[in-house]
Amino acid sequence: MRHQRTRTCGELRIENATEKVVLNGWIQAIRDHGGLMFIDLRDRYGFTQVVVDPARLPQVNELGPEWVIAIAGEVRARPADARNAERSTGEIEVVADDIEILNGTKVPPFEITDDCRTREELRLEHRYLDMRRRPVLANMELRSRLNHTIRSSMMEQGFMEVETPILMKTSPEGARDFLVPSRVHPGQAYGLPQSPQLFKQTLMVAGIDRYFQICRCFRDEDLRADRQLEFTQLDVEMSFVRQEDVFLVMERVMARVWKDIAGVSVAAPFPKLSWEESMARFGSDKPETRCSLECFDFSARAAQSTFRVFAQAVAKPQGTVRGLVIPGGASLARKPIDDAEVVAKTYGAGGLAWVKLTPEGPQGTLARFLQPEDLTALAEAGAKTGDLVVFTAGRFEAALTALGQVRLHFARHLNLIDTSQTHFLWITDFPMFEWNEEEQRFEAKHHMFTAPTSELPEPGADISHIKASLYDLVVNGNEIGSGSIRIHRPEVQAKVFAHVGLTAEQAADKFGWFLRVLEYGAPPHGGIALGVDRIAMLLANAASLRDVIAFPKISNGTCLMTQSPSAPDEKQWRELNLRPN
RNA sequence: GGGGACGUGGCGCAAUUGGUUAGCGCGUCGGCUUGUCACGCCGAAGGUUGCGGGUUCAAGUCCCGUCGUCCUCGCCA
């Protein structure tokens, strides 16, 4: 190239008038007035208007949108009536002395404009064009600043970044692993990390007492708007700590991130809510607390009810009936209530009982079953004339999960969420184990290295009530992180394996190396992992993780730009001792 | 694996109850144009209505199947 840029397209101001400059960039638009042409030149930093006299520079007539050019010329203050207050460079223009064509282009499959509304498929197939658009570029810049802010805060707090392997030992526990077949060891494979969990714990045993890493993790599960096959995690682990120490570190990071990137001041320490209380009040382990609606317990009245669904539900072990008052809901049409029932059923409830408290008396599915004492109980729960009350029945977690989703349904429908607020909170004291109906055994709710908050009973005893030093970080109803204090004593670890049905041999085969690590003076330790993509998504106010990932995969797990995954050729299969079928 | 939504020139959309030659904007191509900034004006090209079958005198529209995309339940320690 003859003309290499001396300035970017975003920086020239009126003070630069009369300077000779060279700009490089892409043509955003050409406005052809015959004897005079304007070119908006774009690069990562902005737009600058170039004025061209086509009689002097006839090559301008060849140009089109998205051609790559170099402009050599002089900065000039625009005539007073031709200034553009909308643009930072709108007071000046560059008068072209020379135009060098650096590259032409095919006609782009969609227009490269900020507000272009085109199929996401097409945008992702041509992500390099999509990324020229300001909104996409802005999200990429946001992520870059986010990473920088996180690293700064972690380094300032004395943490050390250590990289851990991508090729590691596979484990059938938890999410499905991506497998990488070994060429050298026929029949064997590495697994890609679902997280660097055991490596970071090993680093604690190694004495790296404050570790962090911004790392890529992989889970071979179905995708969602907020779940990708590969995602980025802020992985943190600390030695000689209790959970409050982890909270303190992460609160500093989050407060700094929200301040620097969103300009929002958040108060620390963040409120803490036990899992049980969060479930009981909000019907969720990631409660949207910017909506004040809370669930209440109707079990005592339900036991007396002539409504058989209620009476039967509470007669079962762990059975409960929970209600939720929707203020002003008595005036709701049938549609949103029917929709709410669909929501409840989708999340596993048998149905949604409801009653409208109208001036004419109770109306709805539950109305004819209500006794005077029931109405008193509803009044005590805060229900007034004009309100709607909805109920779900079932086991504690099931009934409340469904009701929690119904709560969100009405909160959105009635605009009851104060989106001007930012609510961070910690959810603590999760159950340690979860019953897996399919496999008829308990399994770890988080992972098997989480420490219980109390002594574990002998294997075989009921462990459904055991709580773990397990915590989630929630912001505005989104789970953005999860962590725990870990087990650092081998005998406790062995007991946990026994409770989830792993024999000593199985445990040794899968995690034996790590059990040996624990035997060499493992310090008490704990940590957390935050979803960086999700944080970026929230900060960018994006609806999908794809919006904050440079080259994301679509919901079927393919990359539209590179057409991955693809079929390896025969030779590659052979080298891996595998055969395509 | 289940449920829902969508699929019409390159892009975004329209097309009444099934009814004439499938329209509009943007883009593209050609022409005009000296102060625009989503420049403007004139003109042109561009369609197997995702694909396959069916119903009908007649299908973009109705039915069945299929493919694709998105959302979602399951799944995600």
Side-chain angles (χ1 to χ4, degrees), chain A residues 28-42 47-55 61 64-66 76 78-87 89-91 93 95 106-126 129 171-177 194-195 197-198 217-229 231 339 342-349 401-402 405 430-434 436-438 442-450 468 470 479 482-484 496 500 502 510 529 531 543-544 546 554-556 558 560:
Chain A
Q28 175 70 39
I30 301 178
R31 292 177 292 280
D32 180 354
H33 292 254
L36 176 75
M37 287 169 79
F38 299 99
I39 295 174
D40 285 339
L41 197 63
R42 177 190 69 233
F47 304 88
T48 296
Q49 173 165 288
V50 177
V51 190
V52 183
D53 174 1
N61 292 304
E66 302 307 322
R76 179 170 76 184
R78 293 195 196 182
D81 59 348
R83 295 189 179 174
N84 185 342
E86 312 265 297
R87 278 195 188 160
T89 58
E91 289 194 294
E93 59 199 0
V95 184
K106 288 178 72 173
V107 175
F110 55 90
E111 292 167 63
I112 317 294
T113 56
D114 292 357
D115 56 357
C116 110
R117 291 268 309 137
T118 191
R119 259 175 322 136
E120 193 182 12
E121 262 172 284
L122 197 68
R123 291 173 42 209
L124 292 177
E125 187 184 334
H126 303 276
L129 300 179
S171 149
E173 294 295 318
R176 198 174 293 114
D177 272 350
Q194 297 172 26
S195 84
Q197 183 61 35
L198 296 183
C217 301
F218 306 85
R219 292 178 191 176
D220 188 5
E221 298 290 346
D222 288 356
L223 291 82
R224 287 282 193 286
D226 62 352
R227 271 165 31 194
Q228 283 269 316
L229 297 181
F231 58 98
D339 288 348
V342 170
V343 169
K345 285 180 170 169
T346 299
Y347 284 87
T401 299
Q405 293 295 331
F430 279 77
M432 177 140 171
F433 300 101
E434 203 165 35
N436 185 325
E437 195 62 40
E438 215 171 290
F442 278 101
E443 56 189 17
K445 191 164 178 115
H446 183 55
H447 57 57
M448 291 184 286
F449 313 99
T450 299
L470 174 53
E479 181 203 324
S482 190
S484 62
V496 171
V500 299
L502 276 183
K510 287 171 187 159
S544 164
R546 293 185 298 275
I554 61 171
S555 73
N556 65 11
T558 60
L560 293 174

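Chain identifiers are assigned alphabetically (A, B, ...) following the order of the sequence lines, protein sequences preceding nucleic acid strands; residue numbering begins at 1 within each chain.
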Under 4.0 Å between a side-chain N/O of A/Ser555 and OP1 or OP2 of B/rC70, yes or no?
yes
Suppose you measure atom P in B/rU61 against the same atom in B/rG50; what distance do you get, rounded to whole Å?
8 Å
Which whole-number value in Å describes the distance from A/Leu560 CG to B/rC70 C1'?
12 Å
Whole Å only: how far is the NZ atom of A/Lys445 from the P atom of B/rC75?
12 Å
Taking A/Arg31 for the side chain and A/Ile39 for the main chain, is one N or O donor matched with an acceptor at less than 3.5 Å?
no
Could you check which nucleotide pairs with B/rG47 in any of the strands shown, counting Watson-Crick or G-U wobble with both distances under 3.5 Å?
none
Is there a donor N/O on one and an acceptor N/O on the other, under 3.5 Å, for the side chain of A/Arg219 and the base of B/rC76?
no
Could A/Arg76 and A/Glu91 be called an ion pair, given the rule that one side-chain N must be under 4.0 Å from one carboxylate O?
no
Protein-nucleotide distance (A/Glu121, atom CD; B/rC6, atom C1'), rounded to Å:
11 Å
Length of the line joining A/Asp222:CG and B/rG1:P, which is rounded to integer Å
10 Å
Please measure how far the C1' atom in B/rG30 lies from the corresponding atom in B/rA45, and state the result in whole Å.
10 Å
Would the distance check show the side chain of A/Thr558 and the main-chain N or O of A/Leu560 forming a donor-acceptor pair, the cut-off being under 3.5 Å?
no
Is there a Watson-Crick or G-U wobble partner for B/rG60 with both distances under 3.5 Å, and which nucleotide is it?
none
Over how many whole Å does the gap from A/Glu221 atom CD to B/rC73 atom P extend?
14 Å
Do the side chain of A/Thr89 and the main chain of A/Phe47 share a donor and acceptor less than 3.5 angstrom apart?
yes
Do the side chain of A/Gln28 and the main chain of A/Ile112 share a donor and acceptor less than 3.5 angstrom apart?
yes
Assign each of A/Gly174 and A/Thr346 the nucleotide of RNA chain B bearing its closest heavy atom; nearer the 5' end lies the nucleotide of A/Thr346
Watson-Crick or G-U wobble mate for B/rC37, both contacts under 3.5 Å:
none
Across nucleotides 8-14 of chain B, 5' to 3', mark each nucleotide with B, S or - according to how protein heavy atoms within less than 4.0 Å reach it.
--SSS--
Along nucleotides 37-49 of chain B, 5' to 3', which nucleotides get a B, which get an S, and which get a -, given that the test is a protein heavy-atom distance under 4.0 Å?
B-B----------
Could you work out the separation of B/rC26 and B/rU21 based on their P atoms and round it to a whole Å?
27 Å
A/Val107 side chain, from C-beta outward: closest of B/rU28, B/rG35, B/rU72
B/rU28
Can you tell me how far P in B/rC11 sits from the matching atom in B/rC51, rounded to whole Å?
14 Å
Hey, does A/Ser171 reach any base, or is it just sugar-phosphate, or nothing, if we go heavy atoms under 4.0 Å?
nothing
Atom CZ of A/Arg227 to atom C1' of B/rC71: distance rounded to whole Å?
13 Å
Do A/Arg227 and A/Glu221 sit within salt-bridge range, that is, some charged N less than 4.0 Å from a carboxylate O?
no
Apply salt bridge (Lys or Arg N to Asp or Glu O under 4.0 Å) to A/Arg219 and list each qualifying residue two or more places apart in sequence or on a separate chain.
none
Contact class for A/Arg76 (heavy atom, under 4.0 Å): base, sugar-phosphate, or nothing?
base
Expected output: side-chain A/Gln194 to main-chain A/Ala175 donor-acceptor under 3.5 Å
yes
Find the distance A/Asn61:CG to B/rU33:P and express it as a whole number of Å.
12 Å
I'd like to know if A/Arg87 pairs up with A/Asp40 as an ion pair, taking the criterion as any Lys NZ or Arg NE/NH1/NH2 lying under 4.0 Å from an Asp or Glu carboxylate oxygen.
yes
Pairwise P distance for B/rC29 and B/rC39, with rounding to whole Å:
15 Å
Expected output: side-chain A/His33 to main-chain A/Gly35 donor-acceptor under 3.5 Å:
no
Base, sugar-phosphate, or nothing: which does A/Phe449 touch, judged by heavy atoms less than 4.0 Å apart?
nothing
In whole angstrom, give me the gap between the P atoms of B/rG60 and B/rC70.
28 Å
Establish, yes or no, whether the cationic atom of A/Arg123 lies under 6.0 Å from the six-membered ring centre of A/Phe110 and within 45° of the ring axis.
no
Selection from B/rU36, B/rC70, B/rU72 that lies nearest to any side-chain heavy atom of A/Arg546
B/rC70
Rounded P spacing from B/rA14 to B/rC76 in Å
40 Å
Can you tell me which nucleotide in B/rC71, B/rU34, B/rC75 comes closest to the side chain of A/Ala225?
B/rC71
Span that lies between the C1' atom of B/rG12 and that of B/rU16, in whole angstrom:
23 Å
So, does A/Arg176 use its side chain to make a donor-acceptor pair with the main chain of A/Asp220 at under 3.5 Å?
yes
Whom does B/rC6 pair with, Watson-Crick or G-U wobble, provided both distances fall under 3.5 Å?
B/rG68
Please state whether the base of B/rG35 and the side chain of A/Glu93 form at least one donor-acceptor pair under 3.5 Å?
yes
By the Watson-Crick or G-U definition, both distances under 3.5 Å, B/rG23 is matched with B/rC13
Interatomic distance where CG belongs to A/Asn556 and P belongs to B/rG1 [whole Å]
13 Å
